[in-house]
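Input: a single structure, listed below in structure tokens.
Just the heavy atoms: all of them, side chains too, but no hydrogens, waters or symmetry mates, feed the values below.
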Amino acid sequence: MLETDNYEKFKKDILNISKIDLNAYKEKQMRRRINTLITKNNIKTYDEYVALIKKDKEKFEQFINFLTINVSEFYRNPEQWKILEGEVFPKLIQKFGKNLKIWSAACSTGDEPYSLVMALSRQVPLANIKIIATDIDKQVLDTARMGLYNEKSIAAVPDDLKKKYFTKVGNSYQISDEIKKRVEFKEHDLLKDTYPTGCHLIVCRNVVIYFTEEAKDEIYMKFQKSLVKDGVLFIGSTEQIMNYKEIGFTRSKSFFFEKE
């Protein structure tokens, strides 16, 4: 059992080491997860754990990786992707042309940005597609760059795209280089880093639920500023933006919000 010494001090220490502000996460949930990880490492106190991750790079990476919620699959909630392909993309292409600026925020292991490239490739040439994909976690970005997925991850990918862009390697599936080339992966913290500007589409799904209400509002406001007028924010099916009007969005479909 973990001797729960000062969690407040622990949060400050983590902020110093990693620049991650644990105050922005729901405390009960986050603390329980962190305690589990610390106990797994056979450590009794927060201070000891801080000392460990300061000197051991692998343990530090393990901690960052553990903080990040990685539940990911291609074309997650396929009915939403149908709306994206059938209505959102055509409207954006008509309004802004073929070179759309798209940001996949908190992209995890790359399933989402690669899905975006494949979906968009049905409407514009691959050469026109460029997705910025960001996440706070270095390890998942490395996984994303590798582009190797299990069968479950790619289950919802339409058959024609699966055939065209994946190669079976053992029990896994490797995504093709021509899709990989269209995505630029970068490290980014939604709570403290500068947001890209001039985006036509921002996709951030099933991530913001882990933040406090204040942090959520701040993130949605920053997304609104990142978008061009009539740009679209696509959120997850576990999320809702109650005060979208105050933030400057209109709701075009259940999980799609347009900047006014």
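- The pair Lys9-Asp13 meets the salt-bridge criterion, since a charged nitrogen lies less than 4.0 angstrom from a carboxylate oxygen.
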Please assess Thr134 against Trp103 for the test side chain to side chain donor-acceptor pair (under 3.5 Å), listing each intermediate value before the final yes or no. CA-CA 8 Å; Thr134 63; Trp103 175 23; 2.9 Å; yes

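- When the ring-ring contact (aromatic ring centres under 6.0 Å, His included) test is applied to Tyr173, no partner is found at least two apart in sequence or on another chain.
- Taking 4.0 Å as the cut-off between side-chain N and carboxylate O, Glu239 and Arg205 do not count as a salt-bridged pair.
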Evaluate the criterion side chain to side chain donor-acceptor pair (under 3.5 Å) for residue pair Thr250 and Glu260; output intermediate values, then yes/no. CA-CA 6 Å; Thr250 54; Glu260 290 188 321; 5.2 Å; no

Donor-acceptor contacts, no H, no angles, side chain residues 184-193, under 3.5 Å, sequence neighbours left out:
{"residue": "Glu184", "atom": "OE1", "partner": "Lys130", "partner atom": "NZ", "Å": "3.4"}
{"residue": "His188", "atom": "NE2", "partner": "Thr194", "partner atom": "O", "Å": "3.0"}
{"residue": "Asp189", "atom": "OD1", "partner": "Leu191", "partner atom": "N", "Å": "2.8"}
{"residue": "Asp193", "atom": "OD2", "partner": "Asp189", "partner atom": "N", "Å": "2.7"}

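- Scored by the side-chain contact (heavy atoms from CB on, under 4.5 Å) test, Lys59 finds Asn41, Leu52, Ile53, Asp56, Gln62 as partners (sequence neighbours excluded).
- Checked against side-chain contact (heavy atoms from CB on, under 4.5 Å), Lys180 has the following partners two or more places apart in sequence or in another chain: Tyr114, Gln174, Ile175, Asp177.
- Using a cut-off of 4.0 Å between Lys/Arg side-chain N and Asp/Glu carboxylate O, Lys216 and Glu213 are scored as salt-bridged.
- Residues passing the salt bridge (charged side-chain N to carboxylate O under 4.0 Å, His left out) test with Lys57, sequence neighbours excluded: Glu61.
- Side-chain N/O atoms of Thr45 and Asp47 include no donor and acceptor closer than 3.5 Å.
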Determine, stepwise, if the pair Asn35 / Tyr49 fulfils side chain to side chain donor-acceptor pair (under 3.5 Å). CA-CA 10 Å; Asn35 290 355; Tyr49 186 65; over 6 Å; no

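- The salt bridge (Lys or Arg N to Asp or Glu O under 4.0 Å) contacts involving residues 150-174 comprise Arg122-Asp160, where partners must be two or more places apart or lie in separate chains.
- Relative to the six-membered ring of Phe256, Arg251 misses at least one condition, a distance below 6.0 Å or an angle of at most 45° to the axis.
- Counting non-hydrogen atoms of neighbouring residues, nucleotides and ligands closer than 6.0 angstrom, the NZ atom of Lys12 reaches no more than 12 such neighbours.
- Of all non-hydrogen atoms in Val50 and Phe10, the two that sit nearest each other are CG2-CD1, 3.6 Å.
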